[in-house]
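Throughout, protein chains are lettered first and strands after them, A, B, ... in sequence-line order, and every chain is numbered starting at 1. Heavy-atom basis, side chains included; hydrogens, waters and symmetry copies ignored.
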Number of protein chains: 2
Amino acid sequence: MATLCENCPLRKQPLFVGMSESDVQTMQKFKVGELSVDPGTPLLIEGSNSPQLFTALRGMAIRYKTTADGRRQVVNFVFPGDFIGLQSGLMNEMSHSVEARSKMTLCVFNRSELFSFFKSHPERAFDITWLAAVEEHFLGEALTTVGQRTAKQSLAWALLRIFERGRMIGLVRNRAMDLPFRQQDIADALGLSLVHTNKTLGHLRESQLVNWSDGQLTINDTEKLAAVAGVETDLVPRRPLM
Amino acid sequence: MATLCENCPLRKQPLFVGMSESDVQTMQKFKVGELSVDPGTPLLIEGSNSPQLFTALRGMAIRYKTTADGRRQVVNFVFPGDFIGLQSGLMNEMSHSVEARSKMTLCVFNRSELFSFFKSHPERAFDITWLAAVEEHFLGEALTTVGQRTAKQSLAWALLRIFERGRMIGLVRNRAMDLPFRQQDIADALGLSLVHTNKTLGHLRESQLVNWSDGQLTINDTEKLAAVAGVETDLVPRRPLM
DNA sequence: CGCGTCGTTGATCCGGGTCAACGGTTGTGG
DNA sequence: CCACAACCGTTGACCCGGATCAACGACGCG
């Protein structure tokens, strides 16, 4: 049975900006159902045109693109609260695929209603655009990382971002959070080889900066890790929840 | 004296989706002025909160981020028809800087009117979000390039994208277009060193694939270049004009 | 028990970075 | 009118971070 938006556990998390009571009602009406999937399930395919949009409610996924010669770029990670399928809703075509990495539950919306939704709910339309801007912000940072930083800096940046995101949605308990991704996923996100990613991860572990093993990510001192990454501990920007 | 939206030379270009007569009137009312700048002029600064939004009418620019250790990532190039400053309008902070690379003319809009604009013109709000999705699409492709492709492929990809974009807005005459960027700009966009970019450019030139010199980019066979880049000659996606 | 997936580690190689020097052009001031 | 500096493109020599290749162990599953 589907979660009522009113009872949505995400809304309370510090990552998200407040929603008015009427926003909540609006989303409840827009929401047409809930979807549960197992790890490995493809949710959206690059180049396709899904009839549905999603908001991740529980679980994690990866967004990735595939090149002509078979290489893979992980473009972003999906966490609870992320909106999925916007491109398909606007440009009629996804520029990347989305694949679940853990068990997931997703809120489902109808793509065909998106335009009328924009007309009837301009504040929410504004928020959707805001989400797109947040995504653009992240991609710019990722591009800068892959283009300019060393493997060690990159890895520190990625794990720090993941961890901060997890913290903002209540996934971190006792300086640790569950992480269902594989090393290959991170490697493909950073444009590094699996082997080098593994070795660099080992170095970070030896330096007591990060411990990621058995599906658990532990970070004791985020400040120190940020220093290695070469970023100020600037926060993940707050955003609306759809 | 400012160009009237009605007479806007960009609207006719094949890159842009059609605007209704009322859309044109709407933009005319939203537009508060025009700005002309010389090469090198900063238009927006990373981290700042500009009171103005722009649409590039003539000329080119670069969007870039700077890392703590002083390196620079060029995140995208700005061509006529690009909308600038959306992030600042939504998140109150730019995630990158924008700097003119040629003489430019820009249409100016007031950031403070953006929200009411969303309420009164939902179709145009939809189009703004569409633009954000196009940007996301591009950044994903750029990330894939920097993360997965070789220097030669990257360079071919970048020059091809620039050229196709130029073609779609009428900048290409006789298989050539003006390009005010420096080699350093392209290098910083692709995460390559200037030296290696220069040498790779030389190779492409020898292979008769690309000739970029004296501020002119010439490409005779885009198909062949696309093959080198490892992309299908997929088009630059059409988009709205703000 | 055998097979597929994922993490780990060592050996070797190479694409591209870094360093250095030079030439052409433009602009500026004496 | 010329000296000089600043900027950009170009080219050669050398080196290193990370890719590639290869092999093995641990685990879960049919």
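Taking the ring pair (Phe, Tyr, Trp, His ring centres under 6.0 Å) definition, one finds that B:F138 meets it with B:W157, sequence neighbours left out. For B:T222, the side chain to side chain contact (heavy atoms under 4.5 Å, CB included) criterion is met by B:L160, B:F163, B:E164, B:I219, not counting sequence neighbours. In this view, A:L35 and A:V37, A:L43, A:F54, A:L106, A:V108 satisfy the side chain to side chain contact (heavy atoms under 4.5 Å, CB included) rule, not counting sequence neighbours. Residues passing the salt bridge (Lys or Arg N to Asp or Glu O under 4.0 Å) test with B:R72 are B:D185, B:D188, sequence neighbours excluded.
Between B:C8 and B:L57 there is a side-chain heavy-atom pair separated by less than 4.5 Å. For the pair B:L190/B:H196, no side-chain contact is recorded, criterion being any heavy-atom separation below 4.5 Å from C-beta on.
Contacts between residues 179-188 of chain A and DNA chain C, defined by a heavy-atom separation under 4.0 Å, are made by A:R182, A:Q183. In the region residues 198-209 of chain A, proximity to DNA chain C at under 4.0 angstrom, judged on heavy atoms, holds for A:N198, A:K199, A:R205. For DNA chain D, none of the residues of residues 61-70 of chain A falls under the heavy-atom distance limit of 4.0 Å.
At most 12 non-hydrogen atoms from other residues, nucleotides or ligands lie less than 6.0 angstrom from CZ of A:R175. Within a 6.0 Å sphere centred on CZ of A:R238, heavy atoms belonging to other residues, nucleotides or ligands number more than 12.
Bending across the helix from C:dC1-D:dG30 to C:dG30-D:dC1, expressed as the angle between its end axes from five pairs apiece, amounts to 30° (10° rounding).
Atom pair B:L194:CG and D:dG9:P shows a separation of 7 Å (rounding to whole Å applied). Distance, A:Q153 CD to D:dG17 P: 12 Å, rounded to whole Å.
Remark: the backbone N or O of B:M242 is paired with a side-chain donor or acceptor of B:T55 at under 3.5 angstrom. Counting only distance, with no hydrogens or angles, the side chain of B:E34 and the backbone of B:T3 share a donor-acceptor pair below 3.5 Å. Between the A:T145 side chain and the A:S154 main chain, no donor and acceptor come within less than 3.5 Å of each other. A:Q87 places a side-chain N or O within donor-acceptor distance of the main-chain N or O of A:S95, the cut-off being under 3.5 Å.
For A:M168 against A:V236, the heavy-atom pair with the smallest separation is CE-O, 4.1 Å.
Looking at A:D82 and A:R239, a side-chain N of the basic residue comes within less than 4.0 Å of a carboxylate O on the acidic one, giving a salt bridge.
At a threshold of 4.0 angstrom between heavy atoms, the contacts of B:G191 are confined to the sugar-phosphate backbone, with no base atom among them.
Evaluated for a side-chain contact (heavy atoms from CB on, under 4.5 Å) with A:R63, the options A:L44, A:N76, A:V74 yield exactly one hit, A:N76.
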5' to 3', nucleotides 24-29 of chain D under a 4.0 Å protein heavy-atom cut-off (B base, S sugar-phosphate only, - none) gives ------
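Pairs engaging residues 212-221 of chain B under the side-chain hydrogen bond (donor to acceptor under 3.5 Å, both in side chains) rule: B:N211-B:S213 [sequence neighbours left out]. Listed by first and then second residue, the side-chain hydrogen bond (donor to acceptor under 3.5 Å, both in side chains) pairs that reach into residues 35-48 of chain A are A:D38-A:K103, sequence neighbours excluded.
We find the CD1-CG distance between B:I186 and B:L201 to be 8.5 Å, quoted to the nearest 0.5 Å.
Boundaries of the chain A contact region on DNA chain C are C:dC6 to C:dA11, first to last in 5' to 3' order (nucleotide atom under 4.0 Å from a heavy atom).
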